[in-house]
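Note: hydrogens, waters and symmetry copies are ignored here, and every other heavy atom, side chains too, is used. We number each residue from 1, following the sequence as shown.
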Amino acid sequence: MASESSSPRVGQPPRAPISLEGERRKAMKLVYRMERECEQFRERWLLLDNDDNTDDWLEFVNLAKSRHGGAFGHYRDFEKALNRIKQEGGFLGSRVSVISQLQKVCERAKAFDELFELSFHRIEDALNHYMAKYCLSFFAELDDMDVDCVREYDNSITEWQLEIRACLQEAEGAMETIHEFLDLGFTEYISSYSQVIRAMHASLDALIATCDPFRSWISADEGYLKRIRIELACLEGQKNRNAEVLRKHSFKVHEDKAKGLRTSFNNKKLNQEVQGTVSNRKFCRKREFSFVDKIEIAENILEERRLELEEAQSRLHARPLHSLVREPSDGTKERTARLQQEVGRLEGRLRGMKRGKRDLKETRYNLQKQYHNLKGTYETNLKKAARESERSREHVENVRWRADHVRTLDRKIHALKRIIYVKSHPATVKKIFFEGYLPGEKIDYRDTLREAIDVAAAGVGRDWDKMYQQLPFNPPRNPYMRNQDLELLDMDFKSVHPPSEQMALRSLDKWKSLSKVTSVNALVRTLKSIKKVDVAKQIEKKVLTVVN
């Protein structure tokens, strides 16, 4: 606790840090001390200053210069000359009031030089050794993502640093003005003393002006984790709401997909019906043409048979009268009867063909009507399916966008939790102190205790129970309680004999769960105490620890 309680030392390397709060406190100690001493200097040396006697001062400086045979290049040279004049006495030594005033001018210049150098170093130390080094935003953990509280704090850090450096430059500029007068000689310094006083005031104002950005920076760094936790709660709420909307939209996408499959199946089936109707219509048309050809052939044959029947009947009616008594023997009558039967049969067949043609034509018209109805329904369903497909694509795009948004929110939540972990981790300031840190880097934290436990479990062998007896516990556990722990570990396996490595691993896990304070160093010391130095050295070599 020495570095925590002691005040920071200006111009000396800082000590190893204990906590972030301690480093902030050191920075504010330097700033408050600088502010208090600047105000004290102003009250003591500047507020009651009176430079109405500049002419008397110039006269005295010129006489002193003539007496000592040379110009005074610095107020220190003149201060030495004043001491000799006071010792020597004479006319110049009798002007006690002027000597006292000029002595005060030299003391003021000396005090201001010391104050400026000390205050300047205090501000630089507070900025470089504490604030800019430890009060960080760790924006690199976001991986190019944008979170308002982190971005605003990181931008504010840059602005505060620029503001502090601008104040320091302004203070340096005022100090350079004073040095310019001194470089011209002490006589010029006295003749322009009103400007010197104004430059001192300006320099003090610039130094004191650095306190506001320091205070703002400290306050923002103290409230940084609170702002991150508020932002984290908002992001988690957004993630939960978006995840619920994503779930509903995903369900809707699955419904659209199933509906699209049903619609596609129905459209395919309807298209098959349309194609079947077209095929049936074509088949009816072909049959209709076949009937036309057959009817034409049948009509031609019927016409020929009718002509033959008329000719046979004319011959039968043209017989001589004597033939009416007995039948002729030329077969005319039988031929006529046969032709009449054939004509009747052909006429019946022709009527059947015409009826079949009529029925086919009616069937074709019905098929054509059915085709147009099915075609219209099919085209309507295709348009409806296209609209549903477009809506489904919109839903899919919406789901994809929301899924990306949820993943982004999840990454932001993980990054903010990582920043909280790094910012609040007690080893962060130590890691920065020993290993250094550049803005934009990621701080890599390994679970060193877990790694050390794995190495120890693999190397301790049958001495795992002896190791458990020597491990430090907080709150303490007496040997009786430790023996009970070991018996419980044995009872977990009943009659089975597990490997020593597994028992060692379970015993170390029990130590980690029962003890509030566990560390790699404690495990290494325990291993050395049971003469497992090789395992301890293996841990020290393999596991990187942060040394306080």
Side-chain angles (χ1 to χ4, degrees), residues 3 6-15 23-49 51 72-83 102-133 160-190 192-215 217-218:
S3 63
S6 62
S7 299
R9 298 163 295 176
V10 177
Q12 296 184 12
R15 297 175 181 177
E23 300 311 294
R24 286 197 294 251
R25 195 179 302 118
K26 291 175 185 177
M28 289 316 297
K29 280 184 178 180
L30 290 171
V31 173
Y32 286 146
R33 192 174 303 156
M34 178 275 300
E35 183 182 24
R36 183 176 65 252
E37 292 184 1
C38 286
E39 293 294 346
Q40 290 175 354
F41 180 87
R42 194 194 299 271
E43 292 177 3
R44 179 181 177 183
W45 294 104
L46 297 181
L47 293 182
L48 300 178
D49 176 66
D51 58 349
F72 303 104
H74 202 270
Y75 65 84
R76 294 189 182 89
D77 300 334
F78 183 74
E79 189 176 16
K80 294 177 182 178
L82 275 180
N83 291 330
L102 289 174
Q103 187 76 32
K104 187 177 180 181
V105 167
C106 294
E107 292 175 356
R108 181 186 295 121
K110 182 179 179 180
F112 182 76
D113 285 346
E114 295 175 353
L115 173 69
F116 181 85
E117 183 178 1
L118 185 61
S119 300
F120 195 87
H121 285 307
R122 281 174 176 167
I123 295 173
E124 282 193 329
D125 288 351
L127 177 62
N128 299 325
H129 292 166
Y130 303 107
M131 296 301 295
K133 193 171 185 177
W160 291 324
Q161 287 182 340
L162 293 175
E163 186 176 352
I164 291 170
R165 297 190 187 283
C167 292
L168 291 178
Q169 288 180 359
E170 184 179 350
E172 282 184 324
M175 193 64 182
E176 287 177 0
T177 301
I178 297 174
H179 288 164
E180 287 176 358
F181 290 125
L182 272 177
D183 292 341
L184 296 175
F186 188 71
T187 303
E188 186 65 26
Y189 180 81
I190 292 297
S192 306
Y193 199 65
S194 60
Q195 299 180 33
V196 171
I197 294 297
R198 284 195 295 272
M200 288 183 180
H201 278 290
S203 181
L204 292 178
D205 291 339
L207 292 174
I208 294 173
T210 60
C211 296
D212 290 336
F214 272 114
R215 292 190 187 98
W217 197 344
I218 291 289

Quick one: CZ on Arg24 to CH2 on Trp217, what's the gap to the nearest 0.5 Å? 12.0 Å

Check: Met200 and Ile178 side chains under 4.5 Å, non-hydrogen atoms: yes

Side chain to side chain, Val196 and Leu182, heavy atoms closer than 4.5 Å: no

For the pair Arg215 and Asp212, find out whether any cationic side-chain nitrogen is under 4.0 Å from an anionic carboxylate oxygen. yes

Over 60° means perpendicular and under 30° means parallel, so classify the ring planes of Phe186 and Tyr189, tilted if in between. parallel

Arg108 (side chain) donor-acceptor with Trp45 (main chain) under 3.5 angstrom: yes

Between atom NE2 of His129 and atom NE2 of His121, what is the distance when rounded to the nearest 0.5 Å? 11.0 Å

Euclidean distance, Arg44 CZ relative to Glu37 CD, rounded to 0.5 Å: 12.0 Å

Asp205 and Arg198 ion-paired at < 4.0 Å: no

With sequence neighbours left out, the residues meeting side-chain contact (heavy atoms from CB on, under 4.5 Å) with Glu172 are Phe116, Phe120

Heavy atoms, side chains only, cut-off 4.5 Å: are Leu47 and Arg42 in contact? yes

Roughly how far, to the nearest 0.5 Å, is the OG atom of Ser119 from the CZ atom of Arg33? 11.0 Å

OG of Ser203 to CD1 of Ile208: how many Å apart, nearest 0.5 Å? 9.5 Å

Ile218 and Met131: side chain to side chain contact (heavy atoms under 4.5 Å, CB included), yes or no, with the steps? CA-CA 8 Å; Ile218 291 289; Met131 296 301 295; 3.3 Å; yes

Do NZ/NE/NH1/NH2 and the carboxylate oxygens of Glu23 and Lys133 come within less than 4.0 Å? no

For the CD atom on Glu117, are there more than 12 heavy atoms of other groups (residues, nucleotides or ligands in this structure) within a distance under 6.0 Å? no

Non-neighbouring partners of Tyr130 that pass ring pair (Phe, Tyr, Trp, His ring centres under 6.0 Å), sequence neighbours left out: none

Asp113 vs Met175 side-chain heavy atoms within contact, under 4.5 Å: yes

The reported gap from CE in Met28 to SG in Cys211 (rounded to nearest 0.5 angstrom) is 7.0 Å

Taking every heavy atom of Cys38 against every heavy atom of Leu115, the minimum-distance pair comes out as CA-CD2, 4.1 Å

Thr210 (side chain) donor-acceptor with Ala206 (main chain) under 3.5 angstrom: no

